[in-house]
Amino acid sequence: MNVSNKELLRKEPAGYSRGDELHPMFFTSLLCLMVCLLLLAGCTRGDTMYKESRVLMDTFCTITLVSDSKEKAREAIEAGFAEIKKLETLLNYFSDSSEISAVNRAAGIAPVKVSSDTIEILEKTALINRLTEGAFDPTLAPVIGLWDFSKNILNHSVPLKNDILEALELVDYSLVTIDKDKSEVYLVEKGMELDLGGIAKGFGADRAIEAVRSRGIKAALVAIAGDIRGYGLSASGDAWNVGIQNPRPDAVTDKPWEDISARLELKDRAISTSGDYQRYFLVDGKRYHHILDPERGFPAESDLVSATVLAPEGYLADSLSTAVFVLGSEKGIALLESQGYDGVLIKKSKEVVLTKGLEGKVTILNHDYYLSD
Ligand code: ADP
Ligand code: MG
């Protein structure tokens with residue numbers, strides 16, 4: 001059985017958004033799916049590919065799996081989506097009832113009791129914050145708020161520099177106190193806030209994969225927008241194939257995820273892409289995008305237009321793709337190789353830089369781009 005790319009990403013009616021009403025950002029998110037899946041796997045007799053998409057975490061989520069039983073597949077897909085939904089309820093910055101909002105409201109006032117899931121993602125975030133020497137830092141939330149990339153792209157302006165400098169005073173992940181024994185979190189300074197938008201989708205893919213795998217499913221792929229994790233091979237032994245979106249398409253299209261610049265196989269790993277083309281606005285021809293440099297509070301200006309990271313877990317790929325985008329190609333490759341992870345980094349110059357582990361494994365499909373020597 002072959003499933004085409006188009007079929008795999010078939011859209012379903014929107015039923016959810018951040019907040020209570022359908023948010024304009026939802027539409028942007030749909031248009032901004034950055035990684036396209038090219039599913040070339042075949043199935044042997046008895047095995048069927050099952051796939052379902054829903055709107056969760058303010059974006060388009062797809063669970064694809066291989067099973068010999070329709071009933072088992074249905075249960076596993078439900079369980080996977082339930083995990084994503086649960087995390088969305090806990091972690092949504094834009095929902096007043098989320099645990100993260102409760103923690104943010106109590107900044108500088110009191111610790112807040114949270115679930116073990118929230119503790120776990122905050123501890124993982126602490127690790128990434130240290131590993132990236134602060135390039136990944138969700139306490140950027142007050143600065144992100146000033147830029148407000150969620151609002152209509154036409155109404156944008158650049159925030160005042162003084163406001164950014166003031167908000168930057170509150171950016172410091174070491175001021176997030178996590179008490180695992182009491183299951184409490186405390187933001188030490190009044191005005192501090194957390195926004196886990198750069199790691200929650202990858203973490204969600206991890207949890208959904210665990211839920212599916214624990215139901216005896218032998219191969220699956222979970223995609224939350226461009227944060228993807230897969231395991232297993234199809235019954236015929238083919239790997240999941242993943243395409244990296246062209247960060248600078250020639251023409252305006254309502255299906256940017258179908259414009260692929262490179263392709264690679266995904267075997268028992270997670271993959272995420274961060275780029276300056278997903279949410280941005282232009283002022284006087286200058287591009288202001290949604291990945292911020294925590295040192296300056298302005299959009300990161302590295303030599304990259306997109307950073308794709310492959311790692312054993314989704315939370316790693318998600319957060320590290322953001323961090324590598326901030327760090328640029330040289331530091332980014334060094335960081336990934338030091339941890340045994342992989343990356344496909346597309347430079348402004350259209351040169352594509354790979355970690356050593358990916359040499360010979362990435363196919364360039366759009367010849368505007370070229371692999372570095
Ligand atoms: P997307 O959410 O579009 O998949 P990313 O995974 O790269 O893209 O996450 C970007 C989001 O993370 C931003 O929208 C913002 O909420 C937050 N963010 C921006 N810059 C940083 C940063 N340096 N560290 C941590 N989070 C960031
Ligand atoms: Mg990311």
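Whatever order the structure lists ligands and atoms in, that order sets their numbers, starting from 1. These values consider heavy atoms only, across backbone and side chains, with no hydrogens, waters or symmetry-generated copies.
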So if I count the atoms of ligand 1 from 1 in the order they appear, which ones are less than 4.0 Å from some heavy atom of [X]?
X      : value
Asp318 : 6 (O)
Lys201 : 1 (P), 2 (O), 4 (O)
Arg279 : 14 (O)
Asp195 : 16 (O)

Next on the checklist: Looking at Tyr231, I'd like to know if the NZ or CZ of Arg213 sits under 6.0 Å from its six-membered ring centre while staying within 45 degrees of the ring's axis.
Outcome noted: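 Yes, Arg213 and Tyr231 form such a contact.
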Next on the checklist: Distance to the ring centre below 6.0 angstrom and angle to the axis at most 45 degrees; does that hold for Lys286 and Tyr288?
Outcome noted: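 Pair Lys286/Tyr288 counts as cation-pi.
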Item to check | Spatial distance of atom OG (Ser321) from atom CG (Leu336) [nearest 0.5 Å] | outcome: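 The distance works out to 9.5 Å.
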Checklist entry - From Phe203 CZ over to Leu316 CG, what is the distance, rounded to the nearest 0.5 angstrom? => result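 Phe203 CZ to Leu316 CG: 11.0 Å, rounded to 0.5 Å.
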Checklist entry - Just by distance, do the side chain of Ser274 and the backbone of Phe325 share a donor-acceptor pair under 3.5 Å? => result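 No; zero donor-acceptor contacts below 3.5 Å.
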Checklist entry - If hydrogens are left out, which of Gly145, Pro138, Ser274, Pro299 has an atom nearest to atom 7 (O) of ligand 1, that is, the closest non-hydrogen atom? => result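 The residue whose heavy atom sits nearest atom 7 (O) of ligand 1 is Ser274.
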Item to check | Of the listed options Ser321, Ala307, Gly198, closest to atom 9 (O) of ligand 1 (non-hydrogen atoms) | outcome: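 Residue with the shortest heavy-atom distance to the ligand atom: Gly198.
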Does any N or O atom in [X] lie less than 3.5 angstrom from one in ligand 1, N or O only?
X      : value
Ala135 : yes
Asp137 : yes
Leu292 : yes
His290 : yes

Next on the checklist: Below 2.8 Å, which protein N, O or S atoms neighbour the Mg ion (ligand 2), ignoring water?
Outcome noted: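 Listed by chain and number, the nearby protein N, O or S atoms are Asp318 O, Asp318 OD1, Thr322 OG1.
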Next on the checklist: How about CD on Glu313, more than 12 heavy atoms from neighbouring residues, nucleotides or ligands closer than 6.0 Å, or not?
Outcome noted: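 Result for CD/Glu313: enclosed.
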Item to check | Within-4.5 Å side-chain heavy-atom neighbours: Ser349 and Tyr370 | outcome: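 Result yes, sub-4.5 Å side-chain heavy-atom pair found.
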Next on the checklist: Counting C-beta onward and ignoring hydrogens, is there a side-chain heavy-atom pair between Arg263 and Val362 closer than 4.5 Å?
Outcome noted: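 In short, these two side chains do not touch, never coming nearer than 4.5 Å.
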Item to check | Candidate pair Glu99 and Thr118, rule side chain to side chain donor-acceptor pair (under 3.5 Å), full reasoning | outcome: CA-CA 8 Å; Glu99 288 191 349; Thr118 299; 2.6 Å; yes
Item to check | Option from Arg248, His290, Lys348 for which side chain to side chain donor-acceptor pair (under 3.5 Å) with Asp276 holds | outcome: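 Testing each of Arg248, His290, Lys348 against Asp276, the sole residue satisfying side chain to side chain donor-acceptor pair (under 3.5 Å) is Arg248.
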Item to check | Considering all heavy atoms, the nearest Gly243-Ile260 contact | outcome: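 Smallest interatomic distance, heavy atoms only, reads CA-CG2, 3.8 Å.
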Item to check | Region of Asp293 that comes within reach of ligand 1 [heavy atoms, distance under 4.0 Å] | outcome: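 Answer for Asp293: neither.
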Item to check | Leu140 and ligand 1 - part of the residue with a heavy-atom distance under 4.0 Å | outcome: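 Under 4.0 Å from ligand 1, Leu140 contributes side-chain atoms alone.
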Next on the checklist: For His156 and Phe281, take the angle between the two ring planes, folded into 0 to 90°, and tell me which bin it lands in: parallel under 30, tilted 30 to 60, perpendicular over 60.
Outcome noted: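 Parallel: the ring planes of His156 and Phe281 meet at under 30°.
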Checklist entry - So, does Pro294 sit close enough to ligand 1 that a heavy atom of it is under 4.0 Å from the ligand? => result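 In this structure, Pro294 qualifies as a contact of ligand 1 - some heavy atom is under 4.0 Å.
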